[in-house]
Amino acid sequence: MTDSTQSVSRFRSIINVTSGNFLEQYDFFLFGFYAKDIGETFFKSDSTYAALMKTFLIFAVSFLMRPIGALVLGPYVDRIGRRKGLMLTLSIMAFGSLIIAFTPGYNTMGIAAAFLIFVGRLAQGFSAGVELGGVSVYLAEIATDTNRGFITSWQSASQQIAVVFAAVLGFIVNMLFTADQVADWAWRIPFWVGCLIIPLIFFLRSNLKETHDFSSRTEHPTTSQILKTLLENWKIVLVGMCMVATTTTMFYFITVYTPTYGKEVLHLSTSQSLIATVMVGVTNFLFLPIGGHFSDRFGRKPVLLITTLLMFVTAYPLLNWLTHSISLGHLMMTLLWLSLLYGLYNGAMVPSLTEIMPRSVRTSGFSLAYSLATSIFGGLTPVVATFLVQETGNKSMPAFWLMLSSFLGLCAALYVFHIAKHPSKNFKFKQDH
């Protein structure tokens with residue numbers, strides 16, 4: 001096979017495998033953007049703040065299903081194969097999307113409506129627990145040692161396409177319908193559109209081929225062996241979780257929480273918040289492959305350390321400047337900086353996480369570390385940020401949440417590279433049983 005043929009084949013594989021990532025992030029972003037409308041539709045509350053917090057709590061609770069999904073579905077992917085596992089996660093994710101799109105509101109079904117939304121979100125969380133890990137590992141296994149950072153960066157880049165698409169669609173809905181119509185029913189239109197593209201995503205993913213790395217193995221561990229290996233390598237999972245804490249907190253802050261922050265905290269218009277979000281999706285899409293390429297060219301360590309340090313130092317001054325001089329331009333400048341740091345960091349973090357995981361439990365270990373971080377940090381970001389602003393009256397307080405996550409990422413990166421220099425102190429990679 002020629003180099004050009006290999007490149008075309010790899011490109012097709014990237015499109016096919018990341019299509020499920022698109023659906024996952026598309027629905028997650030819409031849930032955050034329409035949090036207020038969803039809260040008023042499905043929850044009976046005396047105030048907008050109470051309804052918003054209930055919605056964000058359901059958003060956060062669904063992330064608690066991610067570690068469970070990682071422990072249940074991760075071993076399945078490591079045992080049966082990448083392709084079959086990713087088809088299963090897509091099916092579960094589609095089920096959750098359909099529930100959220102078509103469940104009648106509280107006025108029609110009462111408390112049952114809130115329960116069904118809860119079930120839909122739990123299904124999506126369960127699926128997402130291994131979806132992202134499965135896609136990242138698949139991309140890592142079709143890449144080479146010289147381009148793994150660049151290739152794996154397209155896992156996150158596909159999510160940015162979803163953010164842009166959802167934000168543009170939301171902007172169109174906002175222009176065509178009144179605020180009352182959007183709050184009443186038109187907020188569902190983007191969710192319906194998402195359901196319509198599900199068959200296309202199934203078609204794309206059905207064309208996936210199993211990775212050579214997996215198919216070439218003569219033996220595959222059982223579920224019990226996989227879980228035992230994860231337990232023996234708990235330090236890797238914990239360090240990986242701290243590395244992911246930075247990227248997942250930054251991502252959910254600048255994408256899912258930004259529209260609410262812009263509308264409810266900074267009191268910008270819905271259209272302005274959407275414009276800023278579209279910009280974030282576009283810049284993330286550009287910066288992520290650059291971050292992956294930089295990590296291939298200059299090494300993972302300098303990219304991870306520089307970006308986490310910059311995030312820790314600049315987060316509060318940046319948000320403090322924004323909240324004392326509120327404008328769309330200042331919001332976009334703030335998000336541009338955060339997007340740059342997120343893109344560069346994540347571009348180096350994903351390949352690093354795949355490389356430190358034991359080969360036989362690569363999907364399970366990656367997914368568990370990512371799911372734990374997303375559950376504890378990323379998924380709680382809208383809740384924590386909303387709570388901090390409400391309780392302190394300080395619109396800049398969410399910066400401390402960003403600073404905490406960047407500090408954890410910095411410590412984890414320092415530890416990983418310290419261990420790499422001292423093989424005698426290295427992790428115990430007990431991969432074979």
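Nothing fancy with the numbering, it's 1 onward along the sequence.
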For a quick check under 3.5 Å, do [X] and [Y] share a side-chain donor-acceptor pair by atom type?
{"X": "Thr363", "Y": "Arg82", "result": "yes"}
{"X": "Thr308", "Y": "Ser406", "result": "no"}
{"X": "Thr41", "Y": "Trp187", "result": "yes"}

Q.
Looking at Glu355 and Arg148, is there a salt bridge between them, counting it only when a charged N and a carboxylate O are closer than 4.0 Å?
A. yes

Does the side chain of [Y] come within less than 4.5 Å of [X]'s, by heavy atoms?
{"X": "Val77", "Y": "Leu86", "result": "no"}
{"X": "Phe377", "Y": "Val384", "result": "no"}
{"X": "Phe366", "Y": "Ser136", "result": "yes"}
{"X": "Lys84", "Y": "Tyr76", "result": "yes"}

Q. So, the side chain of Tyr261 versus the backbone of Lys395: is there a donor-acceptor pair under 3.5 Å, distance only?
A. yes

Q. For Met349, does its backbone N or O pair with a side-chain atom of Thr247 as donor and acceptor, under 3.5 Å?
A. no

Q: Could you tell me whether Met333 atom CE has more than 12 heavy atoms of other residues or ligands within 6.0 Å of it?
A: no

Q. Near Trp321 CH2, under 6.0 Å, is it more than 12 heavy atoms from other residues, nucleotides or ligands?
A. yes

Straight-line distance of [X] [atom1] to [Y] [atom2], nearest 0.5 Å:
{"X": "Tyr138", "Y": "Thr152", "atom1": "OH", "atom2": "OG1", "value": "14.5 Å"}
{"X": "Asn320", "Y": "Asn394", "atom1": "CG", "atom2": "CG", "value": "7.0 Å"}
{"X": "Ile201", "Y": "Thr18", "atom1": "CD1", "atom2": "OG1", "value": "10.0 Å"}

Q: Show the numbers, then the answer: is there a salt bridge (Lys or Arg N to Asp or Glu O under 4.0 Å) between Glu131 and Arg205?
A: CA-CA 12 Å; Glu131 167 69 20; Arg205 187 159 280 188; 2.8 Å; yes

**Q.** Pair Tyr257 and Trp401, ring centroids less than 6.0 Å apart
**A.** no

Q: Taking all non-hydrogen atoms of both residues into account, name the closest pair between Ala413 and Leu305 and its distance.
A: CB-CD2, 3.8 Å

Q. Looking only at heavy atoms, what is the nearest atom pair of Ala348 and Val303, with distance?
A. CB-CG1, 3.7 Å

Q. Considering residues at least two apart in sequence or located in another chain, which fulfil the salt bridge (charged side-chain N to carboxylate O under 4.0 Å, His left out) criterion with Asp296?
A. Arg300

Q: Among Asn207, Ile151, Ile142, Thr211, find the one that has a side chain to side chain contact (heavy atoms under 4.5 Å, CB included) with Ser13.
A: Ile142

